[in-house]
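Whatever order the structure lists ligands and atoms in, that order sets their numbers, starting from 1.
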Amino acid sequence: MSYRHIRMPENGQKITVKDNRIVVSDDPILGFIEGDGIGPDITRASLRIWDAAVEKAYGGRRKVHWAELFLGEKAAGIYDGDYFPAETLEAIQEVIVAIKGPLTTPVGGGFRSLNVSLRQELDLYACVRPITYYAGVPSPMKRPEEVSCILFRENTEDVYAGIEYKAGTPENEKLAKFLREEMGAEFFEGAGLGIKPISAFGTKRLVRKAVQHAIDNGHDSVTLVHKGNIQKFTEGAFRNWGYELAAEEFGDQTITEDQLWSEFNGKRPEGKVVIKDRIADIMFQLMQLRPAEFSVIATSNLNGDYLSDALAAEVGGMGIAPGANMADHVAVFEATHGTAPKYSNLDKVNPSSLMFSGCMMFNYIGWKEVSKLIENAFEKTVGQKIVTYDFARQMEGATEVPTSGFADALIKNL
Ligand code: NAP
């Protein structure tokens with residue numbers, strides 16, 4: 001494929017898909033998007049760390065060939081004001097695996113969030129966020145080492161579908177009339193109205209990914225988090241379809257929590273993943289009081305949005321929380337924080353959110369040695385109290401270093 005501004009590396013091979021799995025050579029092409037605000041600082045630092053870790057892990061036998069792709073302000077400068085060039089979408093689909101920094105949503109002009117557009121255009125239906133505690137990271141928890149889970153958030157449906165009607169508009173009045181007169185619904189005059197679609201299709205493909213992840217990685221449970229006691233036909237249906245999917249497609253590898261007690265006296269049979277569910281509000285409490293009971297969480301869009309940030313706070317906050325948006329094969333890994341514009345180009349912020357998103361990416365392509373090296377070096381560096389400003393203000397006796405200095409120290413510790 002030929003592109004206007006994207007230059008694919010001359011060496012390196014594209015990832016392909018065979019038998020429903022990605023096939024990765026020893027010299028794959030991976031895409032990266034720098035992002036806006038602090039994006040260039042954290043991308044520069046992370047690229048250095050990733051390349052150094054790959055070199056350390058494989059001694060030249062494996063190498064990433066990076067393809068720079070463009071979204072956001074950098075894209076607008078290159079593509080005559082286009083923040084969201086079509087060829088970037090094509091290139092992501094071609095390289096299959098990419099990583100991005102944060103993007104600004106330009107204010108005004110009815111501009112949709114670039115992140116939301118990206119998820120929708122590429123149908124990246126699962127937002128995946130591991131919540132991992134690293135020794136030495138400041139945490140408000142008494143036993144932060146008990147927090148270890150991975151959250152799968154549905155990324156395309158729910159109140160994020162954008163089906164909303166402002167109070168006082170003809171569309172709102174038409175819908176209100178229909179709901180009152182034909183459906184017998186009762187609500188206050190002048191209410192704004194929103195629709196929350198949750199489908200069996202959307203739920204099942206998300207839960208499938210979560211259960212498969214639990215099986216592939218030896219986790220003991222998948223918890224469906226929902227608000228089904230109140231929203232029976234959306235959140236409650238999410239729960240029911242989740243159980244249904246597990247029984248239909250993973251019947252040999254899973255049991256329900258009910259079965260765990262009724263048939264196995266509470267003792268999990270070797271190799272079985274327990275499927276359980278919890279109501280969203282109690283889940284926030286449980287994740288503070290008994291986090292060790294949860295390993296894989298599958299939840300709907302809005303619950304997942306709240307829960308993932310709350311859980312990130314338990315293990316060091318947004319500065320280090322990694323994430324990915326995934327379709328069946330195409331995956332875009334990303335820093336979960338925003339562009340923090342007040343810190344742009346100051347070489348100040350913590351690059352770890354993007355760096356750990358890169359670790360997820362290396363795990364995804366099967367290069368687990370790389371992420372292990374980076375994780376160990378991160379713990380060592382934080383253990384030496386060499387940290388960026390965000391950790392420094394929470395630690396006694398820390399040495400505050402800039403973004404680039406943190407990368408230097410971490411590379412030294414690889
Ligand atoms: P933000 O950029 O995440 O920044 C909020 C605060 O979080 C910062 O002021 C800083 O806290 C802390 N922070 C963020 N990144 C950090 C890092 N790498 N290291 C250390 N601390 C970090 O949120 P925002 O200010 O609400 O949003 C700014 C822009 O980002 C908006 O245009 C928004 O649309 C966009 N955004 C993009 C994404 C994305 O691309 N995925 C996600 C969220 C927001 P202190 O002030 O305490 O130092």
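Within the 4.0 angstrom cut-off, atom 5 (C) of ligand 1 has no protein heavy-atom neighbours. Distance screen at 4.0 Å: atom 17 (C) of ligand 1 has a protein heavy-atom neighbour inside the cut-off. Under the 4.0 angstrom criterion, atom 33 (C) of ligand 1 counts as lacking any protein heavy-atom contact. Proximity of atom 41 (N) of ligand 1 to the protein is indicated by at least one non-hydrogen atom lying closer than 4.0 angstrom.
For ligand 1, the atoms sitting less than 4.0 Å from at least one non-hydrogen atom of Val349 are 17 (C), 18 (N), 19 (N), numbered in the order shown with element in parentheses. Less than 4.0 angstrom separates some heavy atom of Leu103 from each of these atoms of ligand 1: 35 (C), 36 (N), 37 (C), 39 (C), 40 (O).
Comment: Arg129 engages Asp309 in a salt bridge, judged by a side-chain N to carboxylate O separation of less than 4.0 angstrom. Taking a cutoff of 4.0 Å between a charged side-chain nitrogen and a carboxylate oxygen, Lys63 and Asp27 do not qualify as a salt bridge. Using a 4.0 Å cut-off between charged side-chain N and carboxylate O, Glu173 and Arg180 make no salt bridge. For the pair Lys204 and Glu248, the salt-bridge criterion is met [side-chain N within less than 4.0 Å of a carboxylate O]. Using a 4.0 Å cut-off between charged nitrogen and carboxylate oxygen, Glu369 and Lys372 do not count as a salt-bridge pair.
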Name each donor-acceptor pair under 3.5 Å that joins a side chain in residues 36-43 to protein atoms two or more places apart or in another chain, with its distance.
| unit_1 | atom_1 | unit_2 | atom_2 | d |
| --- | --- | --- | --- | --- |
| Asp36 | OD1 | Glu73 | N | 2.9 |
| Asp36 | OD2 | Thr104 | N | 2.9 |
| Asp36 | OD2 | Thr104 | OG1 | 3.4 |
| Asp41 | OD1 | Arg44 | NH1 | 3.2 |
| Asp41 | OD2 | Leu346 | N | 3.4 |
| Asp41 | OD2 | Asp347 | N | 2.8 |
| Thr43 | OG1 | Glu34 | O | 3.2 |
| Thr43 | OG1 | Gly39 | O | 2.7 |

Table please: side-chain donor-acceptor pairs of residues 1-8 below 3.5 Å, with sequence neighbours left out.
| unit_1 | atom_1 | unit_2 | atom_2 | d |
| --- | --- | --- | --- | --- |
| Tyr3 | OH | Glu94 | OE1 | 2.2 |
| His5 | NE2 | Ile78 | O | 3.4 |

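Distances from atom 30 (O) of ligand 1 to the heavy atoms of Leu354, Thr339, Asn325, Asp36 show the closest one on Thr339. The nearest non-hydrogen atom to atom 36 (N) of ligand 1, considering only Gly323, Gly37, Gly338, comes from Gly338. Residue nearest to atom 39 (C) of ligand 1, selected from Asn115, Thr403, Ile33: Asn115 (by heavy-atom distance).
Of the protein's non-hydrogen atoms, the one nearest atom 14 (C) of ligand 1 is His337 CB, 3.7 Å. Taking atom 10 (C) of ligand 1 as the reference point, the nearest protein heavy-atom neighbour is Tyr389 OH, 3.6 Å. What sits closest to atom 46 (O) of ligand 1 on the protein, heavy atoms only, is Lys342 NZ, 2.8 Å. With respect to atom 25 (O) of ligand 1, the closest heavy atom belonging to the protein is Pro341 CD, 4.5 Å. For atom 19 (N) of ligand 1, the nearest protein heavy atom (residue, atom name, distance) is Asn350 N, 3.1 Å. For atom 2 (O) of ligand 1, the closest heavy atom belonging to the protein is Ala340 N, 2.7 Å. The shortest contact between atom 47 (O) of ligand 1 and any protein heavy atom is with Arg393 NH2, 2.8 Å.
Taking the six-membered ring where the residue is Trp, Phe32 and Trp66 present perpendicular rings, their angle passing 60° and hence far from 30°. Between Phe362 and Trp367, the ring planes lie parallel to each other; the angle is under 30°, not in the 30° to 60° tilted range.
Side-chain atoms of Glu68 do not come within 3.5 Å of backbone N or O of Phe70 as any donor-acceptor pair.
Considering every non-hydrogen atom in both Ser404 and Arg48, the closest pair reads O-NH2, 3.2 Å. Smallest separation of non-hydrogen atoms from Asp328 and Tyr364: O-OH, 4.1 Å. The shortest heavy-atom contact between Gln384 and Asn413 is OE1-ND2, 2.9 Å.
One side chain, Asp216 or Gln212, offers a donor N or O that lies under 3.5 Å from an acceptor on the other.
Contacts between Asp390 and ligand 1, counted as non-hydrogen atom pairs separated by less than 4.0 Å, involve the side chain only. The proximity of Met355 to ligand 1, defined as any non-hydrogen pair under 4.0 Å, does not occur for either the backbone or the side chain. With a 4.0 Å heavy-atom cut-off, ligand 1 is reached by the backbone of Thr104 and by its side chain too. Proximity of Ile38 to ligand 1, defined as any heavy-atom pair under 4.0 Å, is confined to the side chain (atoms from C-beta onward). Of the heavy atoms in Glu334, only side-chain atoms (C-beta onward) come closer than 4.0 Å to ligand 1.
Remark: distances from the non-hydrogen atoms of Lys348 to ligand 1 are all 4.0 Å or more. Residue contacts with ligand 1 do not include Ile42, since none of its heavy atoms lies under 4.0 Å from the ligand.
For a threshold of 3.5 Å applied to N or O pairs, the pair formed by Thr336 and ligand 1 contains no separation below that value.
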